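Here's the structure, in structure tokens; my notes come after.
It should be emphasised that the depicted structure is a prediction, and the values quoted were computed from it without experimental measurement.
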Amino acid sequence: MNKIVIVILIALFLFSVSCSDDFPLNKDLTKKKYELINQNGAQVNFPEDILGNITVMGFIYTHCPDICPMTTHNMYLTEKKLKEQGLTNVKFVALSFDPERDSPEVLTKFAEIRELDFKSWTLLTGNKPVINDLMRRFDVKAIKTDETVDDEGSPEYSMMHTDRISLIDQKGRLRKNYKGSTLNIEELVDDIKKLED
């Protein structure tokens with residue numbers, strides 16, 4: 001009888017470990033709060049304002065010529081795939097790490113050109129030190145390169161940065177990171193379904 005109980009306990013333990021190992025990360029993002037600004041100029045408290053929702057978060061800047069448009073498009077395609085499957089309770093967040101140029105107005109235009117649905121999408125900017133601190137929590141790097149000034153005195157530069165989309169669960173825990181520009185959309189959709197179960 002004791003052997004049966006031990007076998008059952010071991011099986012339950014292995015089952016619980018295997019279920020929690022579906023995701024490589026379990027980083028609690030709620031331990032620190034960040035005041036940011038959305039595309040409407042309204043204050044957003046991150047991660048407090050996303051709690052209760054599965055969130056797909058991308059790290060971008062609107063002047064990016066390659067990685068960021070692909071990352072944003074892959075997030076858009078993920079949303080489209082989720083809607084086709086009747087999953088509409090996922091939030092999409094794009095955090096700009098270039099607040100010097102990415103004002104709320106610029107973020108709104110960026111979103112409108114890409115036909116992003118503001119019912120499910122939020123684009124964020126804010127103070128550079130706050131953004132830098134938040135990016136460190138996600139282990140995302142961004143460095144200015146080749147900085148010049150245009151004829152009107154506005155700064156022009158590129159940025160080398162981490163190519164990242166992150167999946168955050170309903171409790172504000174970072175669960176998995178993906179390469180944003182070459183995202184396997186099916187993988188992300190499957191991971192979102194696992195979080196819903």
d(R164 CZ, I60 CD1) to nearest 0.5 Å is 15.0 Å

Test item: R101 and Y157 side chains (from C-beta on) under 4.5 Å apart, heavy atoms
yes

Rounded to the nearest 0.5 angstrom, the OG-NZ distance for S166 and K176 is 12.0 Å

Should D169 and R175 be marked as a salt bridge (Lys or Arg N to Asp or Glu O under 4.0 Å) after you check the CA-CA gap, both sets of side-chain angles, and the distance that decides it?
CA-CA 7 Å; D169 70 15; R175 301 312 304 270; 3.3 Å; yes

A side-chain contact here means heavy atoms from C-beta on lying under 4.5 Å apart; do Q170 and I54 qualify?
yes

Got L36 and V130 here, is their nearest side-chain heavy-atom distance under 4.5 Å?
yes

Measure the shortest side-chain to side-chain distance between V93 and L124 over non-hydrogen atoms and say whether it is less than 4.5 angstrom.
yes

Taking D163 for its side chain and S181 for its backbone only, find out whether a donor-acceptor pair lies under 3.5 Å.
yes

If you measure from CD1 on I50 to OG1 on T122, what distance do you get to the nearest 0.5 Å?
9.5 Å

Side-chain heavy atoms of V90 within contact of V56, under 4.5 Å:
yes

Output the distance between atom CZ (F110) and atom OG1 (T62), rounded to the nearest 0.5 Å.
6.5 Å

Quick check against the 3.5 Å criterion: does Y61 have a side-chain atom that pairs as donor or acceptor with the backbone of M159?
yes

Is a donor on one side and an acceptor on the other found under 3.5 Å between the side chain of T162 and the backbone of K141?
yes

Side-chain heavy atoms of K33 within contact of N45, under 4.5 Å
no

Qualifying residues under salt bridge (Lys or Arg N to Asp or Glu O under 4.0 Å), relative to E100, sequence neighbours excluded:
K144

Under a 3.5 Å threshold, yes or no: a donor from one side chain and an acceptor from the other, between Q39 and W121?
no

The reported gap from CE in M75 to CE in M70 (rounded to nearest 0.5 angstrom) is 14.5 Å

P104 versus I37, closest heavy-atom pair with distance:
CG-CG2, 3.9 Å

How about T182 and K179: do any of their side-chain heavy atoms sit closer than 4.5 Å?
yes

Nearest 0.5 Å, please: how far is CG in L174 from OG1 in T55?
11.0 Å

side-chain hydrogen bond (donor to acceptor under 3.5 Å, both in side chains) test vs Y178 passes for just one of D191, N74, N184, T78, namely D191

For the pair Q43 and N38, evaluate side-chain hydrogen bond (donor to acceptor under 3.5 Å, both in side chains) and give the outcome as yes or no after the intermediate values.
CA-CA 6 Å; Q43 181 176 313; N38 72 11; over 6 Å; no

Would you say D98 and S96 are linked by a side-chain donor-acceptor pair, where the criterion is simply a distance under 3.5 Å?
no

Candidate pair D133 and K32, rule salt bridge (Lys or Arg N to Asp or Glu O under 4.0 Å), full reasoning
CA-CA 10 Å; D133 189 35; K32 195 161 186 185; 2.5 Å; yes

Flag the pair L95 / F46 as yes when at least one side-chain heavy-atom distance between them is below 4.5 Å, and no otherwise.
no

Donor-acceptor under 3.5 Å (E156 side chain, D146 main chain):
no

With a 6.0 Å cut-off on ring centres, are F59 and H161 close enough?
no

K83 vs E79, salt bridge (Lys or Arg N to Asp or Glu O under 4.0 Å): CA-CA, chis, key distance, verdict
CA-CA 6 Å; K83 284 181 177 178; E79 179 185 32; 3.6 Å; yes

